[in-house]
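In the text below, chain A, chain B and the rest are named by the order of the sequence lines, each starting its count at 1.
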Protein chains: 2
Amino acid sequence: MSTTGATDRGGRPALTSAHQLAAVAQALFVERGFEQTSVDDIAAAAGVSRRTFFRYFSTKADVLWVESPTEIATFRRLLDEAPATEPWRHAIIRTAPTALHHPPEERTWMLHRAQLLLTVPAVQEKAALRHDEWRRIATAFVARRRDTDEGDLVAIAAGHATLAATLGAHEYWIAHSDQDLPDLHGRFLDLLLPAD
Amino acid sequence: MSTTGATDRGGRPALTSAHQLAAVAQALFVERGFEQTSVDDIAAAAGVSRRTFFRYFSTKADVLWVESPTEIATFRRLLDEAPATEPWRHAIIRTAPTALHHPPEERTWMLHRAQLLLTVPAVQEKAALRHDEWRRIATAFVARRRDTDEGDLVAIAAGHATLAATLGAHEYWIAHSDQDLPDLHGRFLDLLLPAD
DNA sequence: TCGACTTTTGACACACCGTGTCATAACCTG
DNA sequence: CAGGTTATGACACGGTGTGTCAAAAGTCGA
């Protein structure tokens, strides 16, 4: 979370960081649009070369998912830690909104991110892989709880429902940003998850 | 469906057609992989220039959605024609599988298509736009039936549920291709659509 | 202080995607 | 045969993402 448990084994110090690049890039996206911003622009604004950008992110759009590995890992961990007595439906409704929760000071950042994600087609495309990962976590969890494999019909349905609820909650939130995202998320999950 | 109500206003006859290009392209995708197939390869195999390919399809992946406009239009039409007495939940469960229905002789073609769609990341990405359109049709329909706008929470949820069910059914079908896709589709819809 | 090691960086070069432009080919009708 | 119409091919261009390699800028040990 905070600073580096990284062991310093010498070598040239980095000129930038993933988070700094992400901040610079997202600011440019918001300001002049995603497709109107080239990787050259981002690199120049961050004071590094284009090649360096691609060492931090394998795709231009990837800067929007800097937090994603953390969120994904949190979701997986929370489900792993869910008490065996808790029904899987309840566990998902409880953990999914928590995994995506961010402190209030990151709210406008999140809102901008969500708007880019749901509005810009080129960005929406790149979301597919992340969505898949998110979905698979839920599917695997439900399969475990139901003592089946990941080919289980209900588990597959639950996975897709989890993703659908997450996207739906964000879509609704964009238009009603005064409301509480985790709360909305829970309501969508309750509406869409199949019966236990 | 079958041949051309197109008025012939003269001009040079086309060397190829969207369907022929799509067939050639999908065959190459299945044979050697999507990313291992360049547009140059497709064009060469079809006997036209690269530029011509992009006049028929605006993206390499678009060949996989030749049938999409028809399916989308059918879904929209079927919902428009649904009797006002039919509950919206039932109407979606009835019409969505029908709109995606294809004659048996196109089965292997559909199976290949579905496998590419759910397996190859680069293809999955391009699906986002089509999925959005599919989802919006359901959302708009539910909003109409509930006398609300497309910002309605239940309508949004129903839209995402419709898409989730469609994807889930295809995913399940890939692993159990002996079963009936429309039937699976209906079961997923029944499982995921929120209560009326 | 000097040299060996490690890591980050920048400079090129390259394949591919998708777009704009323009001349040419191949059909129609009068 | 002339003029209109449509499809095509050739070419150039900006952008993305990748591979390669030499140079920069630190660390540590002798």
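- Whole-Å rounding puts the B:L15 CG to D:dA10 C1' distance at 15 Å.
- Among the protein residues, A:S17 comes within range of no part of the nucleic acid, since none of its heavy atoms lies under 4.0 Å from any strand.
- The closest side-chain heavy-atom distance from B:L79 to B:E81 is not below 4.5 Å.
- Under 4.0 angstrom from either OP1 or OP2 of C:dG18 there lies at least one side-chain N or O belonging to B:K126.
- With hydrogens and angles disregarded, a donor-acceptor distance shorter than 3.5 Å links the side chain of A:K60 to the backbone of A:F34.
- Checking B:T37 against B:P13, the closest nucleotide of DNA chain C that is more toward the 5' end is the one next to B:T37.
- Residues A:T59 and A:R12 each lie close to DNA chain D; by heavy-atom proximity, the contact nearer the 5' end of the strand is made by A:T59.
- Nucleic acid contact for B:S49: base, since at least one base atom lies under 4.0 Å from a heavy atom of the residue.
- Atom CZ of B:F34 is separated from atom P of C:dC16 by 14 Å (rounded to the nearest Å).
- To the nearest 0.5 Å, atom CZ of residue A:R50 and atom CZ of residue A:F54 are 5.5 Å apart.
- The base of D:dG15 lies outside donor-acceptor range of the side chain of A:R50, with no N or O pair under 3.5 Å.
- A straight line from CD of A:E125 to P of D:dG15 spans 18 Å, rounded to a whole angstrom.
- With hydrogens and angles ignored, a donor-acceptor pair under 3.5 angstrom links the side chain of A:R55 to the base of C:dG10.
- With hydrogens and angles disregarded, no donor-acceptor distance shorter than 3.5 Å links the side chain of A:Y56 to the backbone of A:A22.
- Regarding A:E35, its CD atom lies at a distance of 13 Å from the C1' atom of C:dC17, rounded to whole Å.
- Rounded to an integer number of Å, the gap from A:D62 CG to D:dT16 C1' is 13 Å.
- With D:dT8, C:dG10, D:dG17 as the candidates, the nucleotide lying closest to the side chain of B:T52 is D:dT8.
- Among the atoms of the strands shown, only primed sugar atoms or phosphate atoms (P, OP1, OP2) are found under 4.0 Å from some heavy atom of B:Y56.
- As rounded to whole Å, 17 Å separates atom P of C:dG20 from atom CZ of B:F53.
- For B:S38, taking side-chain heavy atoms from C-beta onward, the closest of the listed nucleotides C:dC16, D:dT8, D:dT18 is C:dC16.
- Judged by distance alone, with hydrogens and angles left aside, the side-chain atoms of A:R135 form no donor-acceptor pair with the main-chain N or O of A:A161 at under 3.5 Å.
- Between A:D40 atom CG and D:dC13 atom C1' there is a gap of 15 Å when expressed in whole angstrom units.
- One N or O donor and one acceptor, one from the side chain of A:R51 and one from the base of D:dG19, sit under 3.5 Å apart.
- For B:F57 and C:dC17, the CZ to P distance is 15 Å, given to the nearest whole Å.
- With distances taken from any side-chain atom of A:K60 to the nucleotides D:dA7, D:dT16, C:dG10, the minimum falls on D:dT16.
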